[in-house]
Amino acid sequence: MQYWLFKTEPDAFSIDDLAARPNQTEHWDGIRNYQARNFLRDEVKQGDKVFIYHSSCKEVGIAGLAEVVKEAYPDHTQFDPESHYYDPKSSPENPRWVMVDVTFIEKFPDVLALKKIKTMPEISEVGLVKKGHRLSIMPVNEQEFSALLAASR
DNA sequence: GCCAACGTTGGC
DNA sequence: GCCAACGTTGGC
């Protein structure tokens with residue numbers, strides 16, 4: 001099993017929104033970055049644990065935990081001309097973008113602030129605190145996962 | 001809203 | 001295949 005961090009803007013979709021979905025499950029659509037896509041397509045597996053990270057908001061940081069319940073399948077929004085995520089260069093025969101389904105596990109009592117994460121000695125290798133913190137799907141190793149989870153609860 | 005850092009595009 | 005221009009992300 002592997003660990004991940006998925007970014008979301010809570011104004012658009014938050015940990016509370018995930019918890020409020022039917023079966024507390026939702027598809028993670030709209031990933032339009034090749035590196036993130038490759039993670040989703042090739043490495044994100046059923047049962048993997050996922051930190052839900054809130055970005056571009058008041059309380060930036062890790063807000064909760066989710067689990068992958070369905071592995072990569074075509075992201076339908078890429079075929080919808082009305083969608084913000086429409087990609088005219090993609091086709092159903094040869095889909096360019098994929099998504100996975102995640103289900104809610106828990107919301108942390110407080111958001112684990114990015115500021116605090118940056119002070120944690122265990123977390124020097126997470127993409128969040130290194131250069132290029134722009135990836136919306138990033139791996140988290142087991143040691144980092146444990147440290148972040150312990151700091152969140 | 002600023003701006004640095006990064007990804008993507010497209011002309012050559 | 002290079003690289004400048006442009007667009008986007010995301011913390012502050």
Side-chain angles (χ1 to χ4, degrees), chain A residues 2-21 26-44 48-66 68 71-102 104-141 143-153:
Chain A
Q2 295 196 86
Y3 305 98
W4 302 94
L5 184 146
F6 288 8
K7 285 185 189 174
T8 181
E9 297 190 12
D11 291 342
F13 189 77
S14 71
I15 187 77
D16 290 325
D17 293 324
L18 180 61
R21 283 290 186 273
E26 184 61 295
H27 48 263
W28 205 265
D29 63 12
I31 299 300
R32 293 295 181 273
N33 168 285
Y34 287 104
Q35 209 181 337
R37 189 279 311 268
N38 292 345
F39 281 137
L40 276 185
R41 186 190 58 193
D42 305 331
E43 297 188 44
V44 176
D48 284 0
K49 298 292 190 293
V50 178
F51 282 127
I52 304 300
Y53 175 89
H54 286 175
S55 71
S56 298
C57 60
K58 272 203 154 163
E59 285 190 292
V60 172
I62 297 174
L65 189 64
V68 177
E71 293 175 13
Y73 60 105
D75 177 345
H76 56 81
T77 62
Q78 69 194 305
F79 309 127
D80 177 7
E82 302 295 312
S83 170
H84 175 65
Y85 296 116
Y86 178 57
D87 183 350
K89 294 176 187 165
S90 186
S91 67
E93 296 74 30
N94 191 17
R96 176 178 294 190
W97 307 110
V98 299
M99 60 187 180
V100 300
D101 288 356
V102 298
F104 176 85
I105 294 181
E106 68 176 291
K107 178 186 177 180
F108 299 135
D110 297 295
V111 170
L112 179 61
L114 177 60
K115 207 187 298 179
K116 193 169 175 190
I117 294 171
K118 285 179 171 171
T119 68
M120 297 171 59
E122 303 92 333
I123 309 302
S124 57
E125 292 304 310
V126 179
L128 263 186
V129 299
K130 290 173 69 176
K131 63 158 179 69
H133 49 78
R134 299 184 45 184
L135 209 50
S136 52
I137 305 278
M138 67 180 76
V140 176
N141 73 33
Q143 200 182 341
E144 293 160 346
F145 178 83
S146 303
L148 289 167
L149 192 61
S152 298
R153 283 174 166 158

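Worth knowing before you read on, the calculation uses all heavy atoms, side chains too, and leaves out hydrogens, waters and symmetry mates. From a predicted model like this one, the values you see are computed outputs, not experimental measurements. In the text below, chain A, chain B and the rest are named by the order of the sequence lines, each starting its count at 1.
Applying the side chain to side chain contact (heavy atoms under 4.5 Å, CB included) rule to A:Arg96 yields the partners A:Tyr34, A:Arg37, A:Gln78, A:Asp87, A:Lys89, A:Ser90; only residues at least two apart in sequence or on another chain are considered. Among residues two or more places apart in sequence or in another chain, the side chain to side chain contact (heavy atoms under 4.5 Å, CB included) test is passed with A:Asp42 by A:Asn38. Residues meeting the side chain to side chain contact (heavy atoms under 4.5 Å, CB included) test with A:Ala20, sequence neighbours left out: none. Here A:Phe39 pairs with A:Trp4 under the ring pair (Phe, Tyr, Trp, His ring centres under 6.0 Å) rule; sequence neighbours left out. For A:Phe79, there are no ring pair (Phe, Tyr, Trp, His ring centres under 6.0 Å) partners at least two apart in sequence or on another chain. With sequence neighbours left out, A:Phe108 forms a ring pair (Phe, Tyr, Trp, His ring centres under 6.0 Å) with no residue at all. Judged as a ring pair (Phe, Tyr, Trp, His ring centres under 6.0 Å), and not counting sequence neighbours, A:Tyr73 has no contacts. Remark: A:Ala36 engages A:Ile31, A:Asn33, A:Leu135, A:Ser136, A:Ile137 in a side chain to side chain contact (heavy atoms under 4.5 Å, CB included) (not counting sequence neighbours).
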Can you give each donor-acceptor pair under 3.5 Å made by side-chain atoms of residues 51-64 of chain A, sequence neighbours left out, with the distance rounded to 0.1 Å?
{"residue": "A:His54", "atom": "NE2", "partner": "A:Ile15", "partner atom": "N", "Å": "3.2"}

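In the helix from B:dG1-C:dC12 to B:dC12-C:dG1, the rotation axis of the first five pairs and that of the last five pairs differ in direction by 10°, rounded to 10 degrees.
Note on ring orientation: taking the six-membered ring where Trp is involved, the planes of A:Phe6 and A:Trp28 are tilted (angle from 30° to 60°).
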Contact string for nucleotides 7-12 of chain C, one letter per nucleotide 5' to 3', B = base within protein heavy-atom range under 4.0 Å, S = sugar-phosphate only, - = neither, reads BBSBSS
Check: protein-nucleotides 2-4 of chain B nitrogen or oxygen pairs below 3.5 Å:
none

